**Q** 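If you scroll down you'll find the structure; I have some questions about it.
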Protein chains: 2
Amino acid sequence: MGDASGYEIKKLLEGPFSHIHEASFGAIYPALARLQEDGLVTCEERSQEKRPDKKVYALTQRGRFDLIQELTVIPGPDRIRSDFLVLMLYAHLLPPAHIANVIETRLGILTSLLAELENSDTSPVPAGEESSAEFVRGYGKAVLQAAQHYIEENRHLVEGAALVAGGARSETDEKKERPAGVAAE
Amino acid sequence: MGDASGYEIKKLLEGPFSHIHEASFGAIYPALARLQEDGLVTCEERSQEKRPDKKVYALTQRGRFDLIQELTVIPGPDRIRSDFLVLMLYAHLLPPAHIANVIETRLGILTSLLAELENSDTSPVPAGEESSAEFVRGYGKAVLQAAQHYIEENRHLVEGAALVAGGARSETDEKKERPAGVAAE
DNA sequence: GCAATCATGTAAAACGTTACATGATTCG
DNA sequence: CGAATCATGTAACGTTTTACATGATTGC
């Protein structure tokens, strides 16, 4: 999708592409070095003023060919690790105030990911790639919004869990507790 | 969520929990062995007729305590690797027939995952965990359905070239991959 | 002044998958 | 009769994170 440095790739994977894939610097930099060794990308060093130098990588013809080869494999199901959902599965074991806190944090995460997707609407995309990029962005929006709405409308299922079981509600949250949404009943 | 063997845990992560987390046998069996060594689970060997023996693991009190400790960490964003979305990002580089095939396969995967979630509605859940389990199942349904609907209504964005090329959309496409790859435009 | 952003990279350690080994039973 | 399901496990290999190292500039 155009030339980029390792740092820029990381930022993309944290922002508008966070619903697609993730990678750390320790994965990205060695990968770029390997690709360059194999002649699949070229590297152009750019000096910048008031900023560290950067290395901008670009696909070679062989690189593009190899990419296409990789892409012909029919993809299996997405691989997901949701610490959030694992936690929700055991919501009944935890203090309701903590669950409320987790839910608020999650809604904040979803809101900021959606905001980043909206922002990237206006960012330029190379010719011929507009509709592919639009499809992927739209997919992210649809899924993130579904998650957001579902959580908003069903949070009572996990925040109410211990209300039934216990008589007293303890304020013994050793973490920083910011309720903000426990009341509704 | 009750006692289980390694094999059963794997089946859960392939079926009703596939939208939460994944793990292979090579991760599960060593993990169970470690947990047992640390006294966090107990293991009961059960002989079965006409089936291999199985080892049924159960959380100990210390195991449950440790679990709760782990769960008090506020979860970050979900970690996702979607080969499907990566491919869609480069849809414009691939033959439209191949994209159509990939889309059909994906819709099939989503349908079967949803079916498994519906099935698990009727499976028994230990007392006190009903609403947590329901929340997580409902989340999965909401998100998978959103993906399904989005793909159905926006597949033209990535299959676009096929529309230009003319009507003949072959239903004879198998789930098998055709190594076409280089096929010209 | 302190934290964050920009920017690249290495090495140890942790993590996880894949492939293999074994073997009975059931389904088509 | 071959494939899938049930069932556990190991080892090699590959991948990935985490932590460290460095350093200028910008924002609060």
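None of these values were measured; they are calculated from a predicted model. In what follows, every chain begins at residue 1, and chains take the letters A, B, ... in the order their sequences are listed. All heavy atoms count here, side chains included; hydrogens, waters and symmetry mates do not.
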**Q** Which listed nucleotide (D:dT8, D:dT26, D:dT16) is nearest to the side chain of A:Lys50?
**A** D:dT26

**Q** Could you state the atom-to-atom distance from CZ of B:Arg34 to P of C:dG16 in whole Å?
**A** 9 Å

**Q** In whole Å, what is the span from the CZ atom of B:Arg79 to the P atom of C:dA14?
**A** 17 Å

**Q** Which heavy atom of B:Leu117 sits nearest to which heavy atom of B:Gly140, and what is that distance?
**A** CD1-C, 3.7 Å

**Q** A:Ser24 has a side chain; which of D:dT10, C:dG9, D:dT18 sits nearest to it?
**A** D:dT18

**Q** Ignoring backbone atoms, test whether B:Gln48 places a side-chain nitrogen or oxygen under 4.0 Å from the OP1 or OP2 oxygen of D:dA7.
**A** yes

**Q** For B:Arg51 and A:Glu22, find the nucleotide of DNA chain D closest to each by heavy atoms; which residue's nucleotide sits nearer the 5' end?
**A** B:Arg51

**Q** Just say parallel, tilted or perpendicular for the rings of A:Phe25 and A:Tyr29, cut-offs at 30° and 60°.
**A** parallel

**Q** For a quick check under 3.5 Å, do A:Gln148 and A:Thr111 share a side-chain donor-acceptor pair by atom type?
**A** yes

**Q** From the options A:Arg81, A:Arg106, A:His19, select the one residue that forms a side-chain hydrogen bond (donor to acceptor under 3.5 Å, both in side chains) with B:Asp78.
**A** A:Arg106

**Q** Look at A:Ser5 and C:dA7 and indicate whether a side-chain polar atom (N or O) is within less than 4.0 Å of OP1 or OP2.
**A** no

**Q** Tell me: CD of B:Gln36 to P of D:dT8, nearest whole Å?
**A** 13 Å

**Q** Where each residue is assigned the nucleotide of DNA chain D containing its nearest heavy atom, which of A:Glu49 and A:Phe25 is assigned the position nearer the 5′ end?
**A** A:Phe25

**Q** Ignoring the backbone of A:Pro52, work out which of C:dT17, C:dC6, D:dT10 is nearest its side chain.
**A** C:dC6

**Q** Walk me through whether B:Lys55 and B:Glu44 qualify under side chain to side chain contact (heavy atoms under 4.5 Å, CB included).
**A** CA-CA 6 Å; B:Lys55 293 180 167 187; B:Glu44 190 201 337; over 6 Å; no

**Q** OH of B:Tyr29 versus C1' of C:dA19: gap in Å, rounded?
**A** 15 Å

**Q** Measuring from the side chain of A:Lys54 (C-beta onward, heavy atoms only), which nucleotide among C:dT8, C:dT26, C:dT17 has the closest atom?
**A** C:dT8

**Q** D:dA7 P sits how many Å from B:Leu32 CG, rounded?
**A** 14 Å

**Q** Select base, sugar-phosphate, or nothing to describe what A:Arg81 touches, counting heavy atoms under 4.0 Å on all strands.
**A** sugar-phosphate

**Q** Write down the distance between CD (B:Glu44) and P (D:dA7), rounded to a whole number of angstrom.
**A** 14 Å

**Q** Please give, in whole Å, the distance from C:dC6 C1' to A:Ile28 CD1?
**A** 14 Å

**Q** Rounded to whole angstrom units, what separation is found between the CG atom of B:Asp53 and the P atom of D:dC6?
**A** 16 Å

**Q** Below 4.0 angstrom from OP1 or OP2 of D:dT5, is there any side-chain N or O of B:Lys11?
**A** no

**Q** Regarding A:Glu45, tell me which of base, sugar-phosphate or nothing describes its non-hydrogen contacts under 4.0 Å with the strands shown.
**A** nothing

**Q** May I ask you to verify if any side-chain N or O of B:Tyr7 is less than 4.0 angstrom from the OP1 or OP2 atom of D:dT8?
**A** no

